[in-house]
Structure formats: C-alpha cells, structure tokens
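Input: a single structure, listed below in structure tokens.
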Amino acid sequence: HTALDLLFPIHCVGCGKEGDVICVSCVAELKVLETPYCDTCAEPNINGQCQYCLEHSPSIDGIRSPYLIEGPVREAVHRLKYRGWRAAAPLLGELLASYTQQLKPPLPTSNTVVVPVPLHPHRLRSRGYNQSYLLAKEAGKLLVLPVREDLLKRVNDSSPQVEVRTREQRRSNVAGNFTSSPEASGMSIILVDDVATTGSTLLACSAALKDSGADSVWGSVLARES
C-alpha cells in the first residue's frame, strides 16, 4: 500500500487535497443527518415514526446513519461501489464505526456481531468485492466486534434498488431475497450497508435475521437519502 500511495497518491474527493479520501477539513463539513427523523427507518424530518413504519411495523429495531448522501460522501461511496476504489473503505468504515459507538439505545457488548448486507454471488463475481463487507470489516476492527459474513445470504438476484423508484416497489423488489443462518439466534446484530434510500433492503435483511431468532437488529449505514 505504501508503494502504491507513492505512485498513485489519494486525493480528497471534496477539495482535492492529497492525503485521504475525505480530508479532515471536509469531514468536519459533511452534511449530518440531524433530528428529527423516523425512529425506525431514519427518514428525515419525521417526529416519532413515519406513516410507512406505523402501518407496516418493520421487524428492524432501528436504522441509524451519521450523514446524508450528499457532497463528498456521495462521491466517495460512488467510487467505492462502482469504480473499484477500495481505498475509500478504511476511512468510510472508521466514520461509520465512530458513529455506531453512539447508537441509542446502547448496543450490548456480549453476543453482538457485525453483519454486512450481502450481494448475490452473481453480482459479487461481477464487482469483485462487496462494499458493505469492506465497511463492516473496518467498522468491526474499531468496534472490536466479530464480523459474521456467514449469517445472511442473498438468494435472489433482483434488480438493483437504484433502478427501482417507489418505496412499495423497492419493498417488493427485495421481498424474500435473503435467508439467515440459525446461528443468528440469540445474537444482537449491527447490520451494515453503505446507503439507505427507503431502508427496504435493511428491513428485508432484518426480517430474515429475526426469523432465525436474532434478539435485535440495528441497521448502521454510512449515509441516508434525504
């Protein structure tokens, strides 16, 4: 990595300064997801629960995110997800871990594991890596928690959520896409993904984990759509 950094130095996606994916100054200026937001899915500008969560009672305990998907965060996630820029994962994972430590209610310290939202094997082969796993791995290091990639599997290769517009369509698109191992029983799970738009993917993952007996599932994503 040191040799590669000398040949191809990393520049901040916000200001262009050499040194890191997002420099310290630009991190301080990132658009934060501020309260109020839905207690369950973190939809911005909602007090209590949004109408969707009130009507559907999602199985997830909550989704939390430090940032809105704007500016440098959007660019860094886009490069990580679509342009093979794995160098973005350490910093983005660190930002996510720092925020996850502050989750309310506090996460239990025993039986807590980090689980990345999985890709279907076909898409994993095409991309070469799962960006959510890279974030989960970095976050797990800093949180000193095991990362369990084996607890959740994606069994249907549905259309990417970015191609689906409405909340109901997104929900239908991922319904039944995930299965969970019985080993999830009794565990408190931090479910990691890069971005949440409506939270439909996280809700589908949580439903599978809860069906396997998980005690709690909190979604922790780097950025939330506004």
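Remember, it's a predicted structure, so these values are computed and weren't measured experimentally. Numbers here are sequence positions counted from 1.
Between the side chain of Lys210 and the backbone N or O of Ser59 there is at least one donor-acceptor pair closer than 3.5 Å. Side-chain atoms of Asp20 never come within 3.5 Å of backbone atoms of His11 as a donor-acceptor pair (strictly under, hydrogens ignored). Between the side chain of Ser65 and the backbone N or O of Tyr67 there is at least one donor-acceptor pair closer than 3.5 Å. One N or O on the side chain of Ser180 and one on the backbone of Leu151 form a donor-acceptor pair closer than 3.5 Å. With Arg148 contributing its side chain and Val113 its backbone, the two residues share no donor-acceptor pair below 3.5 Å. Judged by distance alone, with hydrogens and angles left aside, the side-chain atoms of Arg224 form no donor-acceptor pair with the main-chain N or O of Gly199 at under 3.5 Å. Here the side chain of Arg79 pairs no donor or acceptor atom with the backbone of Gly84 at under 3.5 angstrom.
Once rounded to the nearest 0.5 Å, the distance linking CE of Met187 with CD of Glu183 reads 6.5 Å. The distance from the CG atom of Asp194 to the CD1 atom of Ile69 is 7.5 Å, given to the nearest 0.5 Å. A distance of 5.5 Å separates CD1 of Ile60 from CG of Leu203, quoted to the nearest 0.5 Å. Distance CG/Leu80 to CZ/Arg86: 9.5 Å, rounded to 0.5 Å. Taking CH2 of Trp85 as the reference point, atom CD1 of Ile10 lies at 6.0 Å (rounded to 0.5 Å). Separation of atoms OG (Ser206) and CG (Leu152) is listed at 9.5 Å; rounding is to 0.5 Å.
Tyr37 has its side chain out of reach of Glu43: every pair of non-hydrogen atoms, C-beta onward, lies at least 4.5 Å apart. Residues Leu119 and Tyr129 have side chains not in contact (no heavy-atom distance under 4.5 Å, counting atoms from C-beta outward). Using a 4.5 Å heavy-atom cutoff, the side chains of Pro44 and Leu33 are in contact. Annotation: side chain of Leu92 is not in contact with side chain of Glu138 (no heavy-atom distance under 4.5 Å). Side-chain atoms of Val221 and Val192, non-hydrogen and from C-beta on, never get closer than 4.5 Å to each other. Side-chain atoms of Ile190 and Leu145, non-hydrogen and from C-beta on, do get closer than 4.5 Å to each other. For the pair Leu95/Pro66, no side-chain contact is recorded, criterion being any heavy-atom separation below 4.5 Å from C-beta on. By the 4.5 Å heavy-atom criterion applied to side chains, Gln101 and Leu143 are counted as neighbours.
For the pairing with Trp218, the side-chain contact (heavy atoms from CB on, under 4.5 Å) check across Asp61, Ile63, Leu191 returns one residue only, Asp61.
Using cut-offs of 30° and 60° on the angle between ring planes, the pair Tyr52 and His56 is parallel.
For the residue pair Asp215 and Ser188, the shortest heavy atom distance occurs at CB-OG, 4.5 Å. In terms of heavy atoms, Cys41 sits closest to Cys50 at SG-SG, 3.7 Å.
Summarising the local packing, NZ of Lys81 is surrounded by more than 12 heavy atoms from other residues, nucleotides or ligands at distances under 6.0 Å.
Ser185 and Ser212 are not linked by any side-chain donor-acceptor pair at a separation below 3.5 angstrom, with hydrogens and angles left out of the test.
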